[in-house]
*Asks:* 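Next up is a structure, given as structure tokens.
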Amino acid sequence: MEENKKKKVAYFYEPEVGNYYYGQTHPMKPHRIRMTHNLLLNYGLYKHLEIFRPSPARDDELTRFHSDEYIEFLRLITPDNQHEHLRQLKRYNVGEDCPVFDGLYQFCKCYTGGSIGGAVKLNKGQNDVVINWAGGLHHAKRSEASGFCYVNDIVLAILELAKYHRRILYIDIDIHHGDGVEEAFYTTDRVMTVSFHKFGDYFPGTGSIEDIGYDTGKLYSLNCPLKDGIDDESYEQLFKPIMTKVMERYAPDAIVFQSGADSLSGDRLGCFNLSIKGHAECLKFMTTFGKPMLVLGGGGYTIRNVARCWAFETGCLLNVDLADDLPPNDYIEYFGPEYRLHFTPSNMENQNKKEYLEKVRNKILQNLEKISPAPNVPFHDVPSDALEVDERPDAELLDDDAKGGGQLGEEKKKLWDGEIDESDGEDEKPNRNVSDAEPSKRSSRNKANGVGEVKKENGAGGKASDEATPMDEGQD
Ligand code: V1D
Ligand code: CA
């Protein structure tokens, strides 16, 4: 793909997604996806996007990574029956961080459907860039929910991309370590994972600079541990040289970008100090390499800033400038008193001093020097495609203002009425620097949780045993 040619950008959005509700005191608000959608529509970006409604991911798609038992549990558990399944709730880490809520399984299928559907579009060469702001739930493990994530749509989308792409680069700028994705691909060179995150006494506790992958995957996991208060300039000084070297040495055929917005200044759970422009600069930089790209959401808990950031980043991907004055939109009251797209980061201290940044950068660049340029992967039969997405752009996804009338999802069951509740009030506080995270918890680095194990499980279970992925072939 030529760099300066206009990119064909697809955007996945499910109108029901904003109705799923983790609970009053829970910081994860799917409503932020609806706010983002409404803002970008009112900026007129629908004129430049191909908009699709995702087909829900199927059960057999979810079990390409997750265990059958875990998916069965997610399918059956409800707020009403959860008290009869206390042992399983504990076993699958479903509880405070990952609560059972109405429509949980549909929610998982909906955000995952967008990510897998996006991968299929990239595989078919139908789009250069695909966006799914509802995706990016990077903490989910094979048989365990974690950090607000139940199904790992990223792993599933990468597995889909791996049918047609030899090397896939995963980049994660969420403030939290992308542990679930790293763990899934820790022992393979078919996927390189790169996570930038706060490290030290912070959820999930993994992501040390020393963690670089294992076996065939050694040097193909990359971790950039950061301290509180990192600003745009410091972040760019790490991100650009590291990613330039990654592109030189690894030469990926496709990129998956997790654009978690909790790395923005003032995030309710975060402690970084990035502006929207600083955050978006990372995404813009990766587009300059002209590779097929899947762009996903992730964390982000000051929801007015999440909507601002992802609307702006949608504009960046389309090469459309957005005015700083916000257009009228359904959620305008969230954006006062300034009613502007951009905000100024705080004056918090940047604990990432020059020497620290240099040390981290040099260590990572040295590791990248050690990898043999562009590992060759044997490519045999291409497995069958995942779900067929609806090929037609979906006019239903344009809201009142964009299509002139009719309320989205009006007749469907509403799980939440869209009112701002008390805990949402937290989101209205200006750029405060708060972390609710408890002391770090290290997850075990278990090779058996990776992709190789999925193949064995499928084989043993008598299901999909003939569906070896190119990932498996590369390792044999
Ligand atoms: F503050 C809360 C209120 C209610 C429920 C949970 C929280 C909360 C805040 N921070 N939970 C956390 C983090 N959990 C812990 C647990 C305590 N320990 C036993 C573990 O510190 C989880 C933070 C998850 C961040 C998710 C994410 O932003 O990375 C994300 N990315 O994609 C989707 C989500
Ligand atoms: Ca990260």
Side-chain angles (χ1 to χ4, degrees), residues 3 129 136 138 154 168-178 181-182 191-200 202 207-209 211-212 219-252 254-265 267 270-291 293-300 309-310 312-313 316-317 342 345 350-369 371:
E3 265 173 48
V129 175
H138 56 174
I154 309 174
I168 297 142
L169 171 63
Y170 172 68
I171 306 165
D172 186 316
I173 66 164
D174 190 289
I175 194 172
H176 299 95
H177 177 227
V181 186
E182 179 184 280
V191 180
M192 176 177 263
T193 62
V194 184
S195 177
F196 296 79
H197 46 267
K198 152 84 180 167
F199 185 70
Y202 202 68
S208 151
I209 198 165
D211 293 341
I212 56 169
L219 298 169
Y220 296 94
S221 290
L222 212 146
N223 284 299
C224 194
L226 302 167
K227 301 182 187 183
D228 288 22
I230 192 159
D231 59 17
D232 293 352
E233 196 188 337
S234 299
Y235 207 91
E236 183 171 342
Q237 282 169 10
L238 281 176
F239 189 88
K240 287 191 175 171
I242 289 171
M243 295 322 302
T244 301
K245 184 65 110 197
V246 164
M247 295 305 287
E248 266 170 38
R249 304 297 291 195
Y250 190 60
I255 299 174
V256 177
F257 191 97
Q258 198 267 19
S259 198
D262 47 9
S263 39
L264 290 173
S265 179
D267 187 80
C271 54
F272 284 176
N273 201 20
L274 297 182
S275 72
I276 288 176
K277 285 180 185 159
H279 193 273
E281 190 57 33
C282 301
L283 180 58
K284 273 163 70 176
F285 186 66
M286 294 319 301
T287 65
T288 64
F289 296 96
K291 297 289 172 193
M293 182 149 43
L294 180 62
V295 180
L296 305 173
C309 179
W310 290 346
F312 179 71
E313 290 182 346
C316 292
L317 293 168
H342 293 284
N350 181 357
Q351 292 180 19
N352 302 270
K353 302 299 172 204
K354 199 166 155 259
E355 301 70 39
Y356 177 76
L357 293 168
E358 263 170 29
K359 220 170 114 190
V360 168
R361 187 179 56 219
N362 291 340
K363 172 90 184 156
I364 292 173
L365 292 177
Q366 274 167 21
N367 282 341
L368 282 165
E369 284 293 337
I371 73 169

*Asks:* Y356: what forms a ring pair (Phe, Tyr, Trp, His ring centres under 6.0 Å) with it, not counting sequence neighbours?
*Replies:* none
*Asks:* H279 versus Y235: any side-chain heavy-atom pair under 4.5 Å?
*Replies:* no
*Asks:* Which residues pass the ring pair (Phe, Tyr, Trp, His ring centres under 6.0 Å) test with Y170, sequence neighbours left out?
*Replies:* none
*Asks:* Under the ring pair (Phe, Tyr, Trp, His ring centres under 6.0 Å) rule, collect the residues that match up with F257, sequence neighbours excluded.
*Replies:* none
*Asks:* How would you list, by chain and number, every residue that makes a side-chain contact (heavy atoms from CB on, under 4.5 Å) with K284, sequence neighbours excluded?
*Replies:* E281, C316
*Asks:* Identify, with sequence neighbours excluded, every residue that meets ring pair (Phe, Tyr, Trp, His ring centres under 6.0 Å) alongside H197.
*Replies:*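 H197: ring pair (Phe, Tyr, Trp, His ring centres under 6.0 Å) contacts with H177.
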*Asks:* For a quick test of reading the model, state the closest non-hydrogen atom pair linking S195 to G178 and the distance between them.
*Replies:*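 The answer is OG-N, 3.3 Å.
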*Asks:* Taking side-chain contact (heavy atoms from CB on, under 4.5 Å) as the test, write out the residues that go with I212, two or more places apart.
*Replies:*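 Checked I212 against side-chain contact (heavy atoms from CB on, under 4.5 Å); matches are K218, L219, N367.
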*Asks:* Would you say the side-chain atoms of D267 pair up with the backbone N or O of G300, donor to acceptor, closer than 3.5 Å?
*Replies:* no
*Asks:* Output all residues satisfying side-chain contact (heavy atoms from CB on, under 4.5 Å) with K245, sequence neighbours left out; order by chain, then residue number.
*Replies:* E248, R249, L365, L368, E369
*Asks:* Sorted by first residue and then second, give each salt bridge (charged side-chain N to carboxylate O under 4.0 Å, His left out) pair with at least one member in residues 230-239; sequence neighbours left out.
*Replies:*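 Sorted result for residues 230-239: E236-K240.
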*Asks:* Could you work out, with side-chain hydrogen bond (donor to acceptor under 3.5 Å, both in side chains) as the rule, every residue matching D174, not counting sequence neighbours?
*Replies:* H176, Q258
